[in-house]
Amino acid sequence: MTKKKLAIIASRGTLDWAYPPLILASTAAALGYEVRIFFTFYGLKLLEKKLDLRVTSLGNPAMPMPISLPVMVQTLPGMEMLMTQMMKGKMKKKGVVDIEELRNLCVEAEVQMLACQMTIDLFEFKRENLIEHAKPGGAATFFEFAGVSDVNLFM
Amino acid sequence: MDGLEKYMEEFDEELDTSGLNCPMPILKAKKAISSLSAGQILRVISTDPGSLKDFQAFAKQTGHELLEAREDNSIFFYLLKKRDS
């Protein structure tokens with residue numbers, strides 16, 4: 001039986017948006033899919049050895065908040081750190097896996113990770129700061145796999 | 001846990017994922033079942049309400065047989081029989 005294939009484009013680099021591609025990738029791998037993720041633009045942040053992912057309510061009015069804060073207050077220094085800490089605390093309490101552990105599970109499950117070469121150049125990422133498992137490549141490399149995939153997702 | 005006697009079915013390996021949320025029960029179950037031989041049975045315990053549908057879907061897509069799925073006081077019990085490879 002040939003394996004089904006899942007191709008994902010991960011384009012966002014915030015703590016909340018780090019989850020969907022890695023949850024779906026790890027789950028698909030567990031279901032027997034061959035999975036490849038193309039990390040491009042801010043998504044490249046998810047490949048850094050030392051993960052520093054944050055979340056903010058700015059520009060995201062849908063983010064549930066314990067109390068409603070005026071936008072002016074949300075812009076104050078330290079708010080992003082505070083919200084990130086609160087989000088991490090909430091995730092831990094609800095049994096949501098730590099993002100680094102989830103990424104490790106993806107690596108273990110042989111989810112292939114393609115790091116957008118153009119983004120590496122554009123934002124001056126250092127190859128040695130990205131996890132070994134990630135392989136640099138471009139759009140054409142992604143389509144080699146995406147073109148023969150059963151499911152393609154953009155996130 | 002009092003109700004446990006009710007679930008003393010035969011199984012070869014047990015995996016307790018209590019407190020863990022999606023997708024961890026499935027990921028851990030996949031790992032655990034990989035280490036079993038064909039025909040052996042894995043019992044999974046989960047507190048994730050979403051796991052009920054997920055384990056049915058997992059079984060359907062992987063070919064492992066879901067012998068039982070039960071809920072008792074918001075705790076879910078699954079019996080998965082590893083498929084022949």
Side-chain angles (χ1 to χ4, degrees), chain A residues 1-8 10 15-37 46 53 55 64 86-113 133 149-151 153 155, chain B residues 1 13-38 40-66 69 71-85:
Chain A
M1 199 174 77
T2 53
K3 281 186 167 188
K4 282 195 175 183
K5 293 185 179 65
L6 165 67
I8 298 175
L15 177 65
D16 46 354
W17 275 96
Y19 278 89
L22 297 182
I23 287 176
L24 294 174
S26 55
T27 303
L31 294 174
Y33 280 71
E34 191 183 333
V35 186
R36 187 179 288 191
I37 313 176
L46 313 187
L53 304 175
V55 69
M86 282 169 64
M87 178 69 91
K88 283 185 175 172
K90 196 170 179 60
M91 284 172 162
K92 198 166 184 181
K93 199 171 138 218
K94 298 282 185 180
V96 174
V97 62
D98 173 74
I99 199 67
E100 192 161 347
E101 189 186 341
L102 184 60
R103 185 176 70 179
N104 289 341
L105 289 169
C106 286
V107 171
E108 223 175 90
E110 292 172 22
V111 169
Q112 297 173 63
M113 300 182 177
H133 186 74
S149 289
D150 301 274
V151 183
L153 301 172
M155 291 175 192
Chain B
M1 263 204 288
E13 190 81 49
E14 184 174 64
L15 171 69
D16 188 352
T17 68
S18 296
L20 297 177
N21 215 321
C22 171
M24 294 312 287
I26 289 289
L27 298 189
K28 285 187 177 278
K30 148 80 183 170
K31 244 191 212 177
I33 211 162
S34 298
S35 63
L36 296 184
S37 328
Q40 283 193 308
I41 293 170
L42 173 71
R43 180 163 93 150
V44 184
I45 303 172
S46 172
T47 49
D48 168 20
S51 66
L52 195 56
K53 286 208 159 159
D54 270 354
F55 272 90
Q56 287 165 1
F58 175 73
K60 202 172 156 190
Q61 291 173 82
T62 54
H64 303 303
E65 192 182 348
L66 186 60
E71 186 193 346
D72 185 25
N73 274 325
S74 301
I75 302 175
F76 299 86
F77 298 86
Y78 304 101
L79 284 181
L80 280 166
K81 186 178 175 189
K82 183 164 178 167
R83 66 153 194 226
D84 301 327
S85 47

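Labels below follow one simple rule: chain letters A, B, ... track the order of the sequence lines, proteins then strands, and each chain is numbered from 1. This is a predicted model, so every value here is computed, not measured.
Options G63(B), C22(B), G19(B) differ in how many heavy-atom pairs under 4.5 Å they form with chain A, and the most are formed by G19(B).
With a 4.5 Å cut-off on side-chain heavy atoms, L105(A) and M24(B) count as touching. When side chains are defined from C-beta on, L27(B) counts as touching L102(A), because their heavy atoms get closer than 4.5 Å.
Annotation: side-chain contact (heavy atoms from CB on, under 4.5 Å) contacts of P49(B) (sequence neighbours excluded): F76(B). For A25(A), the side-chain contact (heavy atoms from CB on, under 4.5 Å) partners two or more places apart in sequence, or in a different chain, are I8(A), V35(A), I37(A), C106(A), V111(A).
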Using only distance, no hydrogens or angles, which N or O donor-acceptor pairs sit under 3.5 Å between chain A and chain B?
| residue | atom | partner | partner atom | Å |
| --- | --- | --- | --- | --- |
| K94(A) | O | N21(B) | ND2 | 3.1 |
| G95(A) | O | N21(B) | N | 2.8 |
| E108(A) | OE1 | K31(B) | NZ | 2.8 |

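Both the backbone and the side chain of L31(A) come within contact range of chain B, judged by heavy atoms closer than 4.5 Å.
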